[in-house]
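The chain is numbered in sequence order, starting from 1. Here the structure is a predicted model, which is why all the values come from computation and not from measurement.
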Amino acid sequence: MEQRTAYWRVDPIKPDPRIMARAGLILRQGGLVAFPTETVYGLGANALDGLAVARIFEVKGRPQDNPLIVHVADRETACRLVRRVPAGAGKLMDAFWPGPLTLVLPAAPVVPRQVTAGLDSVGIRMPDHQVALALIAAAGVPVAAPSANLSGRPSPTTAGHVLQDLNGRIEVVLDAGPAGVGLESTVLDLTGDVPVILRPGGITREELEKVIGEVRVDPGVDGRSGGEFRPRSPGMKYRHYAPRVPLVLVEGEPERVAARLKELAGIYRSRGLRVGVLATAETAGEYNGSRVVVAGPRQDPAAIASRLFAALRQLDELGVDVILAEGIEPRGLGLAVMNRLRRAAGNRIERM
């Protein structure tokens with residue numbers, strides 16, 4: 001009989017301590033537990049157990065040089081996992097923890113190389129979700145957790161998305177309803193002289209600079225980095241967040257983007273292909289003949305972020321052959337949205 005993943009529903013505000021204790025024991029014993037955070041659902045393993053962490057890579061089909069983020073329930077644990085905590089890190093923890101901010105710091109020897117992918121740094125964050133915090137506390141260990149999906153697929157924002165990809169591959173999924181932010185955490189590298197955003201997410205560059213001053217953005221954030229290099233953060237090197245069919249991203253002025261998408265849709269339909277469009281609310285009515293999924297209003301990137309991954313999975317389920325996606329302004333949270341869309345598109349990007 002095929003093994004199936006256990007499915008446990010939990011209250012997002014007051015999770016049952018008995019369920020958390022059972023899930024925590026599974027983590028301590030080397031098992032894998034999918035759990036909700038405020039960003040997306042994560043696939044957790046005991047971060048101090050190299051064999052358990054190796055299972056994450058096996059289950060997801062994740063490249064071995066792609067480091068993991070360690071989740072903690074308190075700052076004391078975070079400090080034990082690193083060699084030093086720069087002054088700026090303390091300010092950021094005060095301002096944004098718990099929350100969608102991962103800090104990359106020099107790793108202590110206790111952190112297995114499976115977590116860091118051989119780097120001398122480790123990404124750490126404290127999630128802003130009662131179930132995640134209760135699980136980590138019940139496990140009594142820090143929890144390494146990438147998104148709970150097959151590598152390269154859109155990240156899961158519901159337990160149902162997790163089961164679509166990983167049912168039968170992991171021990172348990174904890175269902176506490178949909179994630180709120182919808183995009184993974186911001187990853188900020190603090191190992192150099194100037195903080196660098198390696199992956200944009202729920203905390204914007206502008207918010208970070210109000211706390212610590214100058215913050216740079218890694219050139220790879222726009223999705224155009226090429227060649228061989230060792231990624232310092234998840235989401236830097238490989239095609240990520242992608243639906244099963246090709247996705248074409250068109251960026252630029254909204255009117256020109258909409259016109260180009262209509263033109264492309266006509267070309268693909270003339271070839272007998274079923275066309276899906278990921279559209280903003282303002283232009284969704286212009287794509288007659290295509291299967292349209294609305295991401296949200298162009299002027300509300302937070303709404304688009306919360307819906308993005310679910311919308312990509314919905315287009316897959318509609319059975320389209322190609323997806324055309326509208327770009328938005330890459331500012332504030334829009335930078336994170338565009339980072340995900342550019343990674344999902346790979347090299348299929350048109351800039352008008």
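Side-chain atoms of Arg28 come within 3.5 Å of backbone atoms of Ala138 as a donor-acceptor pair (strictly under, hydrogens ignored). Distance alone, capped at 3.5 Å, is enough to place a donor-acceptor pair between the Arg291 side chain and the Leu318 backbone. Remark: side-chain polar atoms of Glu326 are paired, donor with acceptor, to backbone N or O of Thr280 under 3.5 angstrom. With hydrogens and angles ignored, the 3.5 Å screen pairs a side-chain donor or acceptor of Arg274 with a backbone N or O of Gly319. Looking only at distances, a side-chain donor or acceptor of Thr186 sits under 3.5 Å from a matching main-chain atom of Ile203. Counting only distance, with no hydrogens or angles, the side chain of Glu207 and the backbone of Thr204 share a donor-acceptor pair below 3.5 Å.
Remark: Glu282 CD to Glu255 CD distance equals 10.5 Å, nearest 0.5 Å. Atom CD of residue Gln314 and atom CG of residue Leu278 lie 9.5 Å apart, to the nearest 0.5 angstrom. Rounding to the nearest 0.5 Å gives a distance of 4.0 Å between CZ of Arg153 and CZ of Arg244.
For the residue pair Arg199 / Ser185, a side-chain donor-acceptor distance below 3.5 Å is found, with atom types taken as modelled. Judged by distance alone, the side chains of Tyr268 and Asp321 never bring a donor and an acceptor atom under 3.5 Å apart.
Follow the hydrophobic side-chain contacts under 4.5 Å out from Leu247 and you never reach Val292; the two are in separate clusters. Val294 and Ile328 are assigned to two separate hydrophobic clusters, defined by single-linkage of ILVMFWY side chains at heavy-atom distances under 4.5 Å. Under the 4.5 Å side-chain contact rule for hydrophobic residues, Leu261 and Leu249 do not share a cluster. Under the 4.5 Å side-chain heavy-atom criterion for ILVMFWY residues, a single connected hydrophobic cluster contains both Val173 and Leu133. Hydrophobic cluster membership is shared by Met126 and Leu101, with clusters built from Ile, Leu, Val, Met, Phe, Trp and Tyr side chains linked at under 4.5 angstrom.
Checked for salt-bridge contact, Glu263 and Arg260 meet the test: a charged N lies under 4.0 Å from a carboxylate O. Under 4.0 Å is where a charged nitrogen must lie from a carboxylate oxygen, and between Asp300 and Arg307 no such pair does. A salt bridge links Arg342 with Glu251; the closest basic N to acidic carboxylate O contact falls under 4.0 Å.
Taking 4.5 Å as the limit, some side-chain heavy atom of Val59 sits within range of a side-chain heavy atom of Ile170. Two residues are said to be in side-chain contact when any heavy atoms from C-beta on lie closer than 4.5 Å; Phe96 and Asp128 fail this criterion.
Atom CZ of Arg83 has more than 12 neighbouring heavy atoms from other residues, nucleotides or ligands inside a 6.0 Å radius.
Among Thr158, Asp165, Asn149, the one residue that satisfies the side chain to side chain donor-acceptor pair (under 3.5 Å) test with Arg313 is Asp165.
Using cut-offs of 30° and 60° on the angle between ring planes, the pair His71 and Phe35 is perpendicular.
Within the cation-pi definition used here (under 6.0 Å to the ring centroid, within 45° of the axis), Arg75 does not qualify as a partner of Trp97.
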Going through the distances and angles, do Glu171 and Gln29 end up as a side chain to side chain donor-acceptor pair (under 3.5 Å)? CA-CA 11 Å; Glu171 280 71 20; Gln29 293 178 338; over 6 Å; no
